[in-house]
Amino acid sequence: MPYGNRLPWRPAPSLLLSLLLAGMPVASPLAESPDDEQRVSAVELAREGRLDHAIARLESLHAKHPENRLILADLIILRRQAGDNAAILEHTAELEPGDVPAYAHAAWAGALRDARRFEEAATVLRDSHQRLDTPARVLFGVVSAEAGDFATAIETLEAIEPLPESARQVALMAYGMRLSGRAREALSLANRARRTDPGATLPYVEQTLALWRLGAAERALAAVTPHPEWFEPDTRLQIEADAIAAEIRQAIDRRDELLADGRPQEADAAMAAPQARLDAFIAGVPQGHPQHRRALNDRVVLLSERDWMPEAIATWESLPDRPTPPPYVRRAAADAYLAEEQPEKALPLYESLLPAEGPVDLTLLLDLYFTLIALEDYERAADMRDQASEAPAWLSTGAGREPVANWERADIDRLLVDDAAYRQQDAAAWQRSGELVELAPAHSGLWSQRAQIARWRGWPERAADITELAEAWAPDDLETRLARAANARDLEHWDDWEAEVDGLAADFPRDVRVRRHLEELDDRDRFSIESEVTFGRTRGGDALVSGNDDASWRTRLNSPWTERDWRAFVEHRRDSATYDEIDASHDRVAVGLEWAAERKQAWIAAHRDRLGDADPGVAAGWSQWLDDHWQVGVEADSNSMETPLRAREADIEGWSANASVDWRASESLSAYATTDLLSLDDGNRRLSLGSGVTRRVAAGPHHVTDVGGDLYYQRNSEPGGPYYNPETSGSASVRIDHDWITWRRYDRAFTQHFHAVAGVGYQTDFGSDPAVELRYEHRWDINRRWAVRYGIGWNSTAYDGERERRLYGLFGLEGIF
């Protein structure tokens, strides 16, 4: 029959005969009375194999003399030999151990044990086992273990000396030791029993189960396989589940070694075999069985370790409601939810792992921090950050010993860098990152992080130089490779970016960051659109420059990029306004080509009026970044859309050219300068100059404030005419822009934008007048590819000494199909 945590135990026939022969005549001479003669004759009947007759005679005697304990003791022994435990328990229901002669205690305890009344069995033998033979002492040790009194069991079994010659008795001792948590001693006893009787079942079973308890589940499973009928089905399943779990742990360790050696594909393959084995096991175990649930738990962990996050979540959500999964499973499920951008589901799982008191695992604090950041709860995230920051840099190992570095501290220090960046304190993040690489210049991860901060600050060339330092230490590390990919993308080295991402996708196909790069690469193979509409109404002077009602609409549709970094585009632009009784409009369409790579851009377009005469034109432009800080650009248009509408209504056209220089120190400071020339065919040459500077004055997790100043100057060679055309004009202004990220969840966000300008405008013959503009906008980032914005604005400006007040609205759309 199968064996598990409880093993049946009955005295062997030789043991019973020895009890009969040695125990029964000790009370008195054999023929003291007729009743004694009948008791002795009953024993003789049992010795002859006539057990039923012997029991019947003793039952008759016991009915006549219930007070005779010797008769009861003999009856217990014979009933035990007949396997009639129920009769034994009935006869002894109201008795104490002292009411029955000691030589029958082993049989009595055996009957109680078979009825799983382990504590009562141990009580029967507690005072008598040392006066009895070795099998009785073994039995007392076993039932003590089964009753949960492991200290007594261990003390009793360890005191048995010499060991029994019977392989079965030694195997029972192994069983008791195994139940008591002494698997190593159990294995030693089981090995001895097997040497004594190699073909016996019980020693084989105990040897197997001891190996299992010692963690050698795979060896135990190999022993179970030839003789499955010797083991309880639940035990067999548990051993197999443990063997699979051990294989998973070994596979994870092997995976980490292979990743460290730069062999990611082999690392993933190492995880595939245990997953296949686990899935086959799950399919073969009935739903609702404890090992089915346990295997599902292990599957959640395995899938999470493999970055199969959607599958891990699906397995987690298929688990029954009870019992609560173990902490390691909840941790794996939380990791999966966080990776799949579901922090609201990850948070309660992480929080369930927090201890009621005492220190918190540092990695759990970090996970909680990133979850709270994803939920935009920066205040609680700061609490997690501060708790983690209390971890010491060195761990004490005791007096007189050298301290040991706390390597988890490096993750915390890196967190402090990221935390500043998440709070849009990029300068502080850059400073902290520099301090870290000075302390640990051989840490490739710190260099990769510094490169990331450089990219966030708008310095891709510097980021590439920094990444070379990371490559010197760990060229095949995932972080280094991701840094190379991001650098190539931001430097617009498209072929290098694609090659790097293809390699990452082959080695880490399910990494979230790699998937992000793949999605961004895919964007280059898609059509895209940009569109903006502005419409306004102006009130004020007699000859409104902006017109009573005005509108401007620009839409551009782009084709996918080609392998040579070209794309085609079509563009529609329409400007219109009403001036008293005149409706003026300019409606043109363009078809062009654009090239962009290596942080350079060139484009050319042919355009014409959408209706009426063709009135063709050609426009072209060029721009490039000279380094991380300087960008230059030029544009020219043979039939410029910058020609004022009133000039076009008077059949005046012109060409234009402009040049620009942009300087960007970082996200916190930038400046620009532009020059424009518009040459109209009425002889007028309009020269415009502009410059400005922007400084970030405040930044936080959800708020950013920039202030700036702008100067503008314009001169017309032929002032006057049918359009606004002063000899000179200009302005000086200060502006403030504030962005409030009101709601955000990864790529989706709602941002409110506030824009205010105040300054003074100047015009020849009219002097100076104040100018002001206010604008309020909403921007919705619907997802990574699509965004809309809309807003309302108002400005007040003087032209020809007359103040015009304009109320306007705007709507914009941009997206990738």
Side-chain angles (χ1 to χ4, degrees), residues 451-452 454-465 467-468 481-506 513-532 554-573 589-607 617-638 657-662 664 747 784-787 813-817:
Q452 182 182 56
R455 288 192 300 274
W456 286 348
R457 304 202 75 187
W459 305 333
E461 292 188 12
R462 184 180 296 187
D465 293 339
T467 302
E468 290 182 1
R481 295 173 64 182
L482 286 167
R484 284 201 303 261
N487 293 340
R489 176 199 60 205
D490 291 357
L491 289 169
E492 299 181 358
H493 298 169
W494 306 121
D495 291 341
D496 294 343
W497 181 36
E498 183 174 7
E500 194 70 55
V501 173
D502 286 345
L504 284 167
R513 296 161 296 180
V514 175
R515 283 157 45 192
R516 179 68 175 229
H517 276 285
L518 287 170
E519 291 171 354
E520 292 174 352
L521 267 175
D522 181 60
D523 291 346
R524 290 180 56 81
D525 295 328
R526 294 173 175 267
F527 285 89
S528 61
I529 189 172
E530 309 157 39
S531 185
E532 182 175 272
R554 175 184 175 273
T555 298
R556 171 169 162 161
L557 179 65
N558 304 299
S559 75
W561 292 95
T562 68
E563 292 183 358
R564 296 189 176 275
D565 306 321
W566 287 91
R567 70 177 177 182
F569 64 87
V570 293
E571 186 174 35
H572 173 235
R573 179 169 175 178
V589 292
V591 177
L593 290 174
E594 178 186 12
W595 174 87
E598 311 292 332
R599 304 189 83 196
K600 302 172 184 176
Q601 180 196 36
W603 60 271
I604 186 169
H607 55 90
V618 177
W622 169 270
S623 68
Q624 75 174 85
W625 283 92
L626 304 178
D627 53 27
D628 280 338
H629 304 290
W630 291 95
Q631 183 185 29
V632 297
V634 294
E635 291 185 4
D637 191 343
S638 66
N658 67 70
S660 63
V661 177
D662 291 280
R664 189 177 186 278
D747 293 317
R784 190 179 58 81
R785 288 181 169 142
W786 289 93
L813 167 71
E814 57 188 71
I816 301 172
F817 293 98

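Numbering of residues begins at 1 and proceeds along the displayed sequence.
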Practice prompt. Test Leu521 against His517 for side-chain contact (heavy atoms from CB on, under 4.5 Å), laying out the working first.
Written response: CA-CA 6 Å; Leu521 267 175; His517 276 285; 5.8 Å; no

Item to complete: Could you please spell out the steps behind the side-chain contact (heavy atoms from CB on, under 4.5 Å) verdict for Arg481 and Val514?
Response: CA-CA 10 Å; Arg481 295 173 64 182; Val514 175; over 6 Å; no

Worksheet item: Do you know the tightest heavy-atom contact between Ile816 and Trp786?
Response: O-NE1, 3.0 Å

Worksheet item: Side chain of His629, backbone of Arg664: donor and acceptor closer than 3.5 Å?
Response: yes

Worksheet item: Looking at Arg524 and Asp565, does any basic side-chain N land under 4.0 Å from a carboxylate oxygen?
Response: yes

Practice prompt. Return yes if some donor-acceptor pair links the side-chain N/O of Asp627 with the main-chain N/O of Trp630 below 3.5 Å, else return no.
Written response: yes

Discussion item. Using side-chain heavy atoms (C-beta onward) and a distance below 4.5 Å, is Glu520 in contact with Arg784?
Written reply: yes

Worksheet entry | Minimal non-hydrogen separation, Gly617 against Ser638, with atom names | CA-OG, 3.2 Å

Practice prompt. Looking only at non-hydrogen atoms, find the nearest pair between Ala463 and Arg455 and report the distance.
Written response: CB-CG, 3.5 Å

Worksheet item: Backbone N or O of Trp595 within a donor-acceptor pair of the Trp603 side chain at under 3.5 Å?
Response: no

Item to complete: For Pro560 and Arg567, work out which heavy atoms get closest and say how close.
Response: O-CB, 3.5 Å

Practice prompt. Go through Arg599 and Asp628 one step at a time and tell me if the salt bridge (Lys or Arg N to Asp or Glu O under 4.0 Å) criterion holds.
Written response: CA-CA 10 Å; Arg599 304 189 83 196; Asp628 280 338; 3.5 Å; yes

Fill in: Which atom of Val501 lies closest to which atom of Ala485, heavy atoms considered
CG2-CB, 4.2 Å

Discussion item. In the structure I gave you, are the side-chain heavy atoms of Glu530 and Asn558 within less than 4.5 Å of one another anywhere?
Written reply: yes

Worksheet item: Which distance, rounded to the nearest 0.5 Å, do you find between the CG of Asp490 and the CH2 of Trp625?
Response: 11.5 Å

Worksheet entry | Val570 vs Val589, side-chain contact (heavy atoms from CB on, under 4.5 Å): CA-CA, chis, key distance, verdict | CA-CA 7 Å; Val570 293; Val589 292; over 6 Å; no

Worksheet item: Charged N to carboxylate O below 4.0 Å: is that the case for Asp522 and Arg785?
Response: yes

Item to complete: Could you list the residues that satisfy side-chain contact (heavy atoms from CB on, under 4.5 Å) with Asn658, not counting sequence neighbours?
Response: Glu635, Asp676

Worksheet item: Could you state the interatomic distance from CD (Gln452) to CG (Asn487), rounded to the nearest 0.5 Å?
Response: 10.5 Å

Discussion item. For a quick test of reading the model, state the closest non-hydrogen atom pair linking Phe569 to Leu593 and the distance between them.
Written reply: CE2-N, 3.5 Å

Worksheet item: Can you check whether Glu563's main-chain N or O pairs, donor with acceptor, with Trp494's side chain at less than 3.5 Å?
Response: no

Practice prompt. Kindly say whether Ser531 contributes a backbone atom to a donor-acceptor pair with the side chain of Thr555 at under 3.5 angstrom?
Written response: no

Item to complete: For the pair Arg489 (side chain) and Trp497 (backbone), establish whether a donor and an acceptor sit closer than 3.5 Å, ignoring hydrogens and angles.
Response: no

Discussion item. Checking Glu598 against His493 for the side-chain contact (heavy atoms from CB on, under 4.5 Å) test, could you report, in this order, the C-alpha distance in whole Å, the side-chain angles of both residues, the deciding distance, and whether it holds?
Written reply: CA-CA 6 Å; Glu598 311 292 332; His493 298 169; 2.8 Å; yes

